[in-house]
Asker: 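Here it is, the structure, as structure tokens.
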Amino acid sequence: MNDADDSARAEEILAELRHSIDNLDAILVHTLAERFKCTQEVGRLKATFGLPPADPAREQRQIARLEKLAHDAGLDPVFAKKFLRFIVDEVIRHHQQMQD
């Protein structure tokens with residue numbers, strides 16, 4: 001093989017990887033949308049029955065569970081924890097808005 005062949009093959013592999021990344025991004029977006037539909041239902045239930053918008057004990061259990069899942073999957077648990085914290089904070093914000 002020559003440099004041109006190597007470069008062409010690298011471009012082909014790059015395109016394939018980017019296509020996979022695009023598909024995975026779509027899966028993430030759709031999964032998050034479904035998750036937020038569920039948490040909106042939780043928020044409505046909490047608002048209806050006067051339950052607090054946040055559940056710190058559940059949040060800690062979820063974070064610990066996600067850290068283990070991340071570790072088992074070979075994903076940085078610190079990143080996973082930050083990611084879930086961002087999602088949980090957004091859910092709590094929505095729940096607070098529903099109660100206002």
Side-chain angles (χ1 to χ4, degrees):
M1 276 197 183
N2 61 38
D3 287 342
D5 290 339
D6 290 346
S7 182
R9 181 64 185 136
E11 287 295 327
E12 184 180 315
I13 293 168
L14 184 60
E16 291 169 4
L17 289 169
R18 287 179 173 164
H19 180 73
S20 292
I21 290 167
D22 291 349
N23 287 339
L24 291 165
D25 286 345
I27 291 168
L28 284 171
V29 167
H30 288 281
T31 301
L32 284 171
E34 286 300 311
R35 188 186 194 287
F36 275 95
K37 286 177 189 174
C38 290
T39 60
Q40 287 172 348
E41 289 296 318
V42 169
R44 281 191 273 282
L45 186 67
K46 287 180 173 184
T48 299
F49 291 97
L51 300 170
D55 184 345
R58 163 124 172 111
E59 292 165 28
Q60 288 305 313
R61 287 191 309 273
Q62 286 296 92
I63 288 170
R65 186 178 72 83
L66 186 68
E67 284 179 308
K68 182 180 180 337
L69 286 170
H71 179 268
D72 293 348
L75 179 67
D76 179 5
V78 174
F79 167 77
K81 183 176 180 177
K82 288 178 186 178
F83 182 72
L84 184 61
R85 182 79 261 160
F86 173 78
I87 292 171
V88 168
D89 289 346
E90 190 66 15
V91 167
I92 291 169
R93 187 178 69 78
H94 289 175
H95 290 182
Q96 288 169 333
Q97 288 175 340
M98 288 179 181
Q99 292 190 356
D100 291 343

Asker: Are any of the side-chain nitrogens in Arg9 or Asp5 under 4.0 Å away from the carboxylate oxygens of its partner?
Answerer: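 No, this pair does not count.
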
Asker: Salt bridge or not for Asp89 and Arg85, using N-O below 4.0 Å?
Answerer: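 Salt bridge between Asp89 and Arg85, a charged N being under 4.0 Å from a carboxylate O: yes.
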
Asker: Please confirm whether the backbone N or O of Arg44 pairs with a side-chain atom of His95, one donor and one acceptor, at under 3.5 Å?
Answerer: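 Flag not set: sc His95 to bb Arg44 has no pair under 3.5 Å.
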
Asker: Go through it in stages, so that I can follow the logic: the residues are Leu28 and Thr31, the test is side-chain contact (heavy atoms from CB on, under 4.5 Å), and I'd like the CA-CA distance, side-chain angles, deciding distance and then a yes or no.
Answerer: CA-CA 5 Å; Leu28 284 171; Thr31 301; 5.7 Å; no

Asker: Looking only at non-hydrogen atoms, find the nearest pair between Leu66 and Ala80 and report the distance.
Answerer: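 Looks like CD2-O, 3.1 Å.
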
Asker: Considering only heavy atoms from C-beta outward, does the side chain of Ile87 approach that of Leu32 to under 4.5 Å?
Answerer: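 A side-chain contact under 4.5 Å exists here.
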
Asker: Given Lys37, which partner from the list Arg35, Glu34, Glu41 fulfils the side chain to side chain contact (heavy atoms under 4.5 Å, CB included) test?
Answerer: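 So the option named by the test is Glu34.
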
Asker: Please examine the side chains of Gln62 and Val88, heavy atoms only from C-beta on, and report whether any two atoms are closer than 4.5 Å.
Answerer: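 The answer is no, as the side chains (C-beta and beyond) never meet within the 4.5 Å cut-off.
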
Asker: Looking at every heavy atom in both Ile92 and Ala54, which two are closest together, and how far apart are they?
Answerer: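 Minimum heavy-atom separation between Ile92 and Ala54: CD1-CB, 3.8 Å.
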
Asker: Do side-chain atoms of Lys46 reach the backbone of Leu51 as a donor and acceptor pair under 3.5 angstrom?
Answerer: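 Looks like no, no N/O pair under 3.5 Å.
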
Asker: Run the side-chain hydrogen bond (donor to acceptor under 3.5 Å, both in side chains) test on Glu90 and His94 for me, step by step, so that the C-alpha distance in whole Å, both residues' side-chain angles and the decisive distance to 0.1 Å come before the verdict.
Answerer: CA-CA 6 Å; Glu90 190 66 15; His94 289 175; 3.2 Å; yes

Asker: Measure the CD-CG distance between Glu16 and Leu14 for me, rounded to the nearest 0.5 Å.
Answerer: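 Separation between the atoms: 9.5 Å.
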
Asker: In sequence, state the C-alpha distance, the side-chain angles, and the governing distance for Val91 and Val42, and then conclude on side-chain contact (heavy atoms from CB on, under 4.5 Å).
Answerer: CA-CA 10 Å; Val91 167; Val42 169; over 6 Å; no

Asker: Any side-chain heavy-atom pair from Thr48 and Leu45 closer than 4.5 angstrom?
Answerer: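 Side chain of Thr48 against side chain of Leu45, heavy atoms only: no contact under 4.5 Å found.
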
Asker: Which pair of non-hydrogen atoms, one from Pro53 and one from Gln96, has the smallest distance, and what is that distance?
Answerer: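 Smallest interatomic distance, heavy atoms only, reads CG-CG, 3.6 Å.
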
Asker: Give a yes or no on whether the backbone of Asp3 and the side-chain of Ser7 come within a donor-acceptor separation of less than 3.5 Å.
Answerer: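 Side chain of Ser7 to backbone of Asp3, a donor-acceptor pair under 3.5 Å: no, none is there.
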
Asker: Below 4.5 Å, heavy atoms only, C-beta onward: do His19 and Asn23 meet side chain to side chain?
Answerer: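 When only atoms from C-beta onward are counted, Asn23 and His19 do touch, with a gap below 4.5 Å.
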
Asker: If hydrophobic clusters are built by linking Ile, Leu, Val, Met, Phe, Trp and Tyr wherever their side-chain heavy atoms come under 4.5 Å apart, do Leu75 and Ile63 end up in the same one?
Answerer: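 Different hydrophobic clusters.
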
